[in-house]
Amino acid sequence: MRGLNTFITDIRHCSNKEQEEKRVEKELQKIRGKFTSQKGLAGYQKKKYVWKLLYIYILGYEVDFGQQECAFLINSSKFSEKYTGYVATSILVSEKTHDLFTQVASSIRNDLQSVNEINQSLALTMVGTQAPQELVNALHQDVQKLALTESRSTFHVRKKACACLLRMYRKYQDKFQPSQWAQGISQMFESRHPSLGFMTAATSLLVGTCQLDNPSIFEDCTPKLIKLLHKIAIQKDSPGDYNYYATPAPWLQVKILKALSFFSPPPPSTDSHRQLTECLTKIIKKTEVTKSINKNNVDHGILFEAANLVITYNGAVGMELKNDILKLLGIFISVKEPNLRYLGLETMCKFVKLAGDSLEDHLNTIFKSLRDNDISIRKRALDLLYLISSPNTSQRIVEELLSYAENGADLQIKDDLILKIAILSEKFADNLYWYIDVVVRMINSSGDFVTEDIWFRIIQIIVGFQKEGNIELQKYAATKLFSQLSMPHVHETLICIGAFIISEYSQMLVEQNKEPQKLFDILNKHYTFSTERSRQMLLNAFVKLACKYPELKDQAIMICQIAGEHFDPDIQQRGIEYFSLLMEDDKLLNQIVVKMPPYSEQVQQNNPLTKRIYVMVLNSKEQKDPTLLNQARIQASQEIAMAEQRLQNKPEQLQKHLSWLKACPYLNQFQGQIALEGINIMVPPSPEDNNLKSPSISNLNEIKVLLTTQVGKVVDKPGELVVQYKSEISGHLGKVSFQFEGTSPIQNLSILVSQTNGMLFNILPVKQGDFPQVMMQVLSYDGNMTLPIASIFYEQNGQQKKHEFHLPIYTNKFVQPVDMPYDKFTKFFDDFTNNLSNQNYFKLDTFIRNTAPSNIPMTEVLKKAGGLLSVGLNLKAQPFPSLENLQMIWACGQLMIKPPEQNNILNLPIMVVISSLDQTTEFLRVGIRCGGNGEIAKNYLKLIMLYLG
């Protein structure tokens with residue numbers, strides 16, 4: 001193509017950017033003229049101009065025409081033109097060009113179904129590059145056939161088909177049923193003379209599918225994967241082309257080890273167990289460090305993946321290798337190479353549960369990593385120290401962390417550092433006096449990073465839980481804080497804590513011969529130069545002291561009188577109210593200002609600091625946080641136990657429900673379809689228990705609208721407050737945004753979200769203004785959800801205001817529809833119904849009253865139910881047997897959650913049937929089947945009853 005060569009030469013000879021732009025613009029004008037000319041262009045000319053457009057695009061210029069010519073070259077019978085068409089279409093044609101892909105879908109299918117390996121490869125590469133929806137809809141079956149079935153296609157083509165199928169599945173999960181692939185994927189690993197390139201693609205497809213779906217459906221692959229790994233790692237049966245620095249097929253070894261981590265370990269005394277143990281032993285014991293960096297990199301990659309597999313199997317395979325792994329990790333975290341140090345620390349974080357106290361021998365090395373120049377290594381060292389803390393090592397670790405905080409810890413990790421010091425010092429405080437000392441040191445060195453939830457927790461521990469608090473601890477804390485506040489300059493957080501403790505336990509200080517006036521003066525000297533938050537706590541303390549010691553009352557009255565004229569509305573309100581209170585008689589004052597009672601056991605168990613570790617991950621760029629992974633296991637087990645306790649129906653309620661079902665005159669119509677025996681039979685919520693209809697929901701009308709839509713008003717009080725709401729939720733993640741409007745400007749708005757069962761919220765900074773805006777990120781991690789409550793605090797017309805309202809975020813928001821054939825749906829529904837032992841299958845059956853007027857035909861009622869399930873509740877609803885003869889609506893979907901202890905997203909099935917009755921039109925039969933958590937079924941019944949019942 002001489003014209004293309006000439007154009008490239010001209011571009012290279014341009015002396016500056018302006019010349020280049022003129023030459024490109026001239027060429028674009030020429031090409032546009034050729035494409036729009038009435039004279040047809042020959043294939044060669046189209047090909048030449050398309051390559052010019054590609055070159056211009058690669059130079060960084062926008063190409064806004066010629067896409068149709070690119071795509072139509074795919075239809076050519078000449079290889080050079082077809083090749084040009086595929087390359088140019090994958091680069092120049094946008095995914096949004098729907099019509100163009102529809103027009104060439106037939107030609108691409110012909111290439112996929114041809115016997116020409118090159119044409120098949122070109123088609124698969126182009127489809128896999130973008131995976132546009134039109135081509136996925138049209139070609140997914142052809143791609144599946146090429147990838148999963150033994151056909152005339154070569155391993156090279158099937159390799160590309162696997163990569164293409166994985167790309168399509170990741171982008172449009174609802175389009176595919178991976179359970180149908182189980183046999184095909186299993187057969188991939190049975191080939192007698194497999195291509196290792198094909199095996200690598202097949203393993204990638206297996207790993208990618210397991211990450212997004214239930215891995216158990218591919219359990220049959222385990223022995224075949226182990227056999228393949230043994231063949232490569234032990235027998236070194238690998239073509240020379242796949243050896244990298246004498247290591248046979250390293251990338252395939254890593255993928256196989258990764259795939260095995262999704263499945264159960266092979267049973268002992270089997271060939272698979274023996275072969276896997278042999279492979280792991282060789283990898284872990286015989287990996288050597290060489291002078292070649294590239295060889296070290298691939299060998300260590302295999303080594304770390306092998307260590308991860310031993311950790312995942314929890315010692316079921318390769319337990320005898322534990323000490324060898326630990327020894328290697330100890331070496332890795334002490335070498336100069338930063339990548340090895342990071343990987344060693346990260347693997348140690350995962351190894352904590354299996355290693356026990358063995359990691360304590362490496363504390364000094366980990367302490368050195370805490371001061372490494374690399375911020376990522378410092379983060380991992382901090383995570384590891386937090387995870388390996390035990391009663392034996394906690395004081396040493398906390399002391400080291402405190403020293404690190406006092407000597408200039410990096411600001412990027414200081415929030416996390418202070419949070420973990422606070423948790424560890426509480427968790428392992430055998431001596432609570434030590435805990436007080438740690439807290440004081442922490443605030444003195446890093447007070448700006450001690451958030452409210454940390455110092456609130458400190459006060460809770462000093463006050464005590466359940467019965468009477470620890471008097472000796474309270475006395476020590478009061479003395480320690482009195483001593484600290486005697487200094488001229490103290491951090492405001494220490495002032496807040498000291499104000500509360502000194503005023504609350506002042507009698508303990510008076511017993512030590514400290515005059516009440518001295519206590520008052522110590523606090524008062526910090527009042528003038530304190531922030532508003534500190535002054536609020538100091539005003540509380542002055543009133544408490546004045547109540548206990550009448551001689552201080554006049555001084556407290558004077559301070560409160562001045563505070564009543566303060567510009568800060570909170571201080572002003574406290575000053576006015578406390579002034580009025582102090583003017584009352586002492587009897588009334590003593591009734592109001594009483595001693596702080598101990599906190600409840602529930603407050604003691606629900607440590608907000610531990611929860612904050614999980615919330616911090618929402619906004620983290622790192623997806624794998626070892627702190628989260630390990631600590632969440634503990635919380636997850638506790639939450640599962642609590643959930644099971646909640647879900648455990650009271651025997652009398654369950655028996656009453658089953659008796660009612662058995663006596664129901666409509667039961668015979670649904671014989672065998674209603675669950676009357678087995679486990680996990682859920683009792684429908686009573687009308688009083690349906691929290692979606694609770695009178696406490698002030699914005700119930702708005703909630704009812706927004707539960708099935710995405711945009712609207714979540715609060716609608718004209719003349720007072722209007723809150724505009726918008727949600728964008730996809731899968732287990734989403735974001736919601738608010739705009740607050742009033743008749744006058746809204747200022748200093750802040751927002752809190754509570755009652756967030758099953759969800760995690762991350763509230764982004766408020767965008768202040770006359771109409772403030774707030775955006776939140778939300779993640780679903782459990783099926784047991786309730787409507788969250790938002791509390792907003794704001795100023796309007798000089799007044800402080802507070803308003804609470806519920807958020808329309810519920811189970812259905814995290815559900816995606818699933819298209820399923822009726823026979824398959826019926827089979828799954830019956831499997832759930834007749835299940836007698838599976839702990840993960842839940843079923844709920846009931847009859848609800850048909851609230852539609854008697855003149856409305858039952859077919860219309862069922863159509864409305866189908867619309868609700870499909871549009872509002874995000875299920876794929878379908879009629880049975882047909883719309884004209886409608887007797888039942890059946891619907892299917894999956895709830896997507898991501899538990900904090902897992903890397904994978906869980907897809908929990910939901911199946912719903914709503915049927916008419918032969919004997920009456922007064923009732924409807926509702927049957928719900930779900931996996932993972934019975935509260936999902938209850939929540940869906942509550943939604944159905946909200947709109948239909």
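Atom set for the values below is all heavy atoms of this structure, side chains included, hydrogens, waters and symmetry mates excluded. Worth saying up front: this structure is predicted, and the values here are computed from it rather than measured.
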Decide if atom CD of Gln183 counts as having more than 12 heavy atoms of other residues, nucleotides or ligands within a radius under 6.0 Å.
->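 No, CD of Gln183 has 12 or fewer neighbouring heavy atoms, counting only those of other groups under 6.0 Å.
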Inspect the surroundings of NZ in Lys864 and state if more than 12 heavy atoms from other residues, nucleotides or ligands are less than 6.0 Å away.
->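 Check fails, neighbour count at 12 or below.
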May I ask you to decide if [Y]'s main-chain N or O and [X]'s side chain share a donor-acceptor pair within less than 3.5 Å?
{"X": "Asn850", "Y": "Leu924", "value": "no"}
{"X": "Asn812", "Y": "Gly872", "value": "yes"}
{"X": "Lys171", "Y": "Gln130", "value": "yes"}

Test side-chain contact (heavy atoms from CB on, under 4.5 Å) on Asp782 and Asn757 and set out the steps.
-> CA-CA 8 Å; Asp782 186 73; Asn757 295 22; over 6 Å; no
Option from Lys898, Met785, Met896 for which side chain to side chain contact (heavy atoms under 4.5 Å, CB included) with Ser780 holds =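 The option that passes is Met785.
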Under the criterion side chain to side chain contact (heavy atoms under 4.5 Å, CB included), which of Val722, Asn699, Leu706 is the partner of Lys713?
->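 Exactly one option meets the side chain to side chain contact (heavy atoms under 4.5 Å, CB included) with Lys713, and it is Val722.
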Stepwise side-chain contact (heavy atoms from CB on, under 4.5 Å) check, Leu807 with Phe761 | CA-CA 12 Å; Leu807 300 181; Phe761 282 83; 4.3 Å; yes
Parallel, tilted or perpendicular: which describes the rings of Phe176 and Tyr169, with under 30° parallel and over 60° perpendicular?
->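 Correct class here is perpendicular.
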Phe829 and Trp890: aromatic ring centres closer than 6.0 Å?
->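 Here the rings of Trp890 and Phe829 have centres that are no less than 6.0 Å from each other.
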Are Lys827 and Asp831 close enough, and set up right, to give a salt bridge (Lys or Arg N to Asp or Glu O under 4.0 Å), and what steps lead you there?
-> CA-CA 6 Å; Lys827 180 183 181 301; Asp831 288 345; 3.2 Å; yes
Audit row: Thr833, Lys843, side-chain contact (heavy atoms from CB on, under 4.5 Å) steps and yes/no | CA-CA 7 Å; Thr833 301; Lys843 48 240 182 173; 5.7 Å; no
Evaluation steps, side-chain contact (heavy atoms from CB on, under 4.5 Å), between Ile936 and Val815 = CA-CA 11 Å; Ile936 300 171; Val815 170; over 6 Å; no
